[in-house]
Amino acid sequence: MSTESAAAAVRPAAAPSLTAVFVRLKLTLLRNGLRQSTGRTLAYVSSVLVGLLFAAGVVTGLIALRGNAHVGALVVLLTGILTLGWAAMPLFFPASDETLDPTRLVMLPLRPRPLIVSLLVASLVGIGPFVTLALVTGSVIAVADGAAAAAVGVVAVVLVVLVCVSLARAVATASVRLLTSRRGRDLAVLSGLFIAIGAQGVNIAAQKLGRSDGLSVLEPLGDILRWVPPVSAVAAVDDAGHGAYGRALAGLGLTVLALVLLLWWWQRTLTTLMTSPDSSTLQAVEKDTARRSGGGERGLARLLSRGRTGTVILRTLRYGWRDPKSKMSWSTALAAGLLVPVISSLQGNGSIYTAFSAATLLGMQMYNQFGQDTSAFWMVASTIATPRDAYQELRARALALALVAIPYVTLVVVGSAALIGPWSAFLEVYGLSLAVLGALLATGALSSVFFPYSIPSEGNKNVAPGQGAIAWFSLFGGVVVGAVLCAPLLALTIWLHVAGLHHLLWVLLPLGAVYGVGIAELGLRVMAPRAAQRLPEILTAVSKG
């Protein structure tokens, strides 16, 4: 045997391409995920069909608009929304793609640069990149005019898709430790709220576009977005079609620069992520350091008393910040209370009285207070032995809610007066809002005592099976009673308006504030003895989940 043959015999086989390995890994993960259950397969197939139908419809519409004088502004806006969606996707749906977590690769002997190339190519496999490719292609076809524009369009399509995928990857890598933590899961729980807000914004924009003179209303926004990469690449196609080759070259250059910076940022964060220790290895050291430094309570905890009231207030606020179900409930109430006046104003039928939504939605957080503690309520129940204990518990929970609700209601009413007007109605609306808040705190205590229900800790359900009727009656019955409690002030308001005594409407502010505090205090004092008596029944009801 010759020397060359012997050397060839002992030479190790060439290692497979890293990019090919990652592409096969992506396909394997997808295939194995679909094999887990028929429901998951049907959901994936349905999402693919919906995505394809959506892309086909949008592309058809864009091609039909080819030649429109303002289609350039439309495709610029569409590309901007598409880019924003790619940037937000890893934050709201961190578990949608297992390959988005590079921490799974930290023990492998891989260098950052080839790893980035492989991950980028693997990321191009999927329905998301395909839909993006279709939408960008349709946008280019809609504005391309001539051979030069077509050539620029081919480059623009590639650049936009690469920037979108790189942006999603870079964001996921930079925030992967947050997204895999409790706070990241909380952010995913809130994704539905952001989607609902975004859908409402699209609805308002569509209504305004339908009432306007066509796509020309998009021109001011398009003039701004056309210089933001990767939107600038699509705008470059339009510029090339009109003979503005300098602007077209600048637009492509901006997108190329953005791609280079994204890849650099991605490589930098990936290197840091794969070479630095995570929080689990530093947790004990941080705790020991904090103990040696004598660090105590910070922030609001220092301002609250160390008795039962301060402890319950702090516990309630921490539940609202840390518990996913409580956070979702609070966030929804805060967002909806603020959006109702804004949306009504944008739709052209706004009224300052829509500010009542803030007090109503925040006051409803007082309902089912004991059920919100879930299985931990038995520890609270063990500290309630007398009506005074129950009163202090209920009062502290109401105070915790008021710490958030009063500044928030003030902000919404002031904003509604400034945005919608008139300022002359500010005092009466603010006073009535405080009265509504106080009435709901009172009826919330009543519902919490007489109609408690369990909130399951796991899953997406907010009511345990078999307790749906109790939850609906607790909520809507309490709101109706709260409206009845506010009847005296409402009657006074109507009488002042009918009698033409508008100069006396200012009295509703002090009356509403005093009435709200008084009715809330009365409700808490009346319900405290009942809470102490019904403690076993409450504990049984909230523990069913």
Side-chain angles (χ1 to χ4, degrees), residues 51-87 89 117 120-121 123-170 209 214-263:
L52 293 177
L53 289 174
F54 172 76
V58 173
V59 170
T60 302
L62 289 172
I63 295 176
L65 288 172
R66 178 178 168 82
N68 187 289
H70 307 289
V71 69
L74 176 63
V75 299
V76 161
L77 180 61
L78 176 62
T79 308
I81 294 175
L82 199 61
T83 306
L84 181 62
W86 275 96
M89 181 190 68
V117 174
L120 181 60
V121 174
S123 299
L124 296 174
V125 178
I127 184 63
F130 180 79
V131 171
T132 302
L133 176 65
L135 295 180
V136 178
T137 302
S139 300
V140 168
I141 294 174
V143 296
D145 185 13
V152 173
V154 173
V155 179
V157 169
V158 175
L159 286 176
V160 171
V161 174
L162 289 178
V163 168
C164 287
V165 176
S166 301
L167 178 61
R169 279 290 188 176
L209 185 60
L215 299 178
S216 60
V217 70
L218 301 178
E219 288 292 346
L221 182 59
D223 291 338
I224 299 174
L225 290 179
R226 66 182 299 113
W227 294 109
V228 178
V231 181
S232 59
V234 176
V237 181
D238 191 22
D239 292 331
H242 290 86
Y245 300 116
R247 286 164 58 96
L249 185 61
L252 289 178
L254 284 174
T255 304
V256 171
L257 178 62
L259 179 60
V260 171
L261 291 177
L262 280 174
L263 294 176

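For the side-chain contact (heavy atoms from CB on, under 4.5 Å) with Val160, the qualifying choice from Val165, Val234, Leu135 is Val234, the only one to do so. Residue Val231 forms a side-chain contact (heavy atoms from CB on, under 4.5 Å) with just one option from Thr79, Leu77, Val75, Leu78, and that option is Thr79.
Applying the salt bridge (Lys or Arg N to Asp or Glu O under 4.0 Å) test to pairs two or more places apart or on separate chains, those with a residue in residues 240-263 are Asp239-Arg247. The list of side-chain hydrogen bond (donor to acceptor under 3.5 Å, both in side chains) pairs with a residue in residues 126-141, not counting sequence neighbours, reads Trp86-Thr132.
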Test side chain to side chain contact (heavy atoms under 4.5 Å, CB included) applied to Leu52 and Phe130, step by step: CA-CA 9 Å; Leu52 293 177; Phe130 180 79; 3.4 Å; yes
Pair Val71-Asp238, side chain to side chain contact (heavy atoms under 4.5 Å, CB included): steps then yes or no: CA-CA 9 Å; Val71 69; Asp238 191 22; over 6 Å; no
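Atom CG in Leu65 sits 5.5 Å away from atom CG in Asn68 (nearest 0.5 Å). Taking OG1 from Thr83 and CG from Leu225, the interatomic distance works out to 9.5 Å, rounded to the nearest 0.5 Å. We find the CG-OG distance between Leu259 and Ser166 to be 5.0 Å, quoted to the nearest 0.5 Å.
Residues Ala156 and Ala233 approach most closely at CB-O, 3.5 Å, considering heavy atoms.
Judged as a side-chain hydrogen bond (donor to acceptor under 3.5 Å, both in side chains), and not counting sequence neighbours, the contacts of Ser232 are Thr255. Partners of Val158 by side chain to side chain contact (heavy atoms under 4.5 Å, CB included), not counting sequence neighbours, listed by chain and number: Leu162. For Ile63, the side chain to side chain contact (heavy atoms under 4.5 Å, CB included) partners at least two apart in sequence or on another chain are Val59, Ile141.
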Contacts table for residues 142-153: side-chain donor-acceptor under 3.5 angstrom, sequence neighbours left out:
none

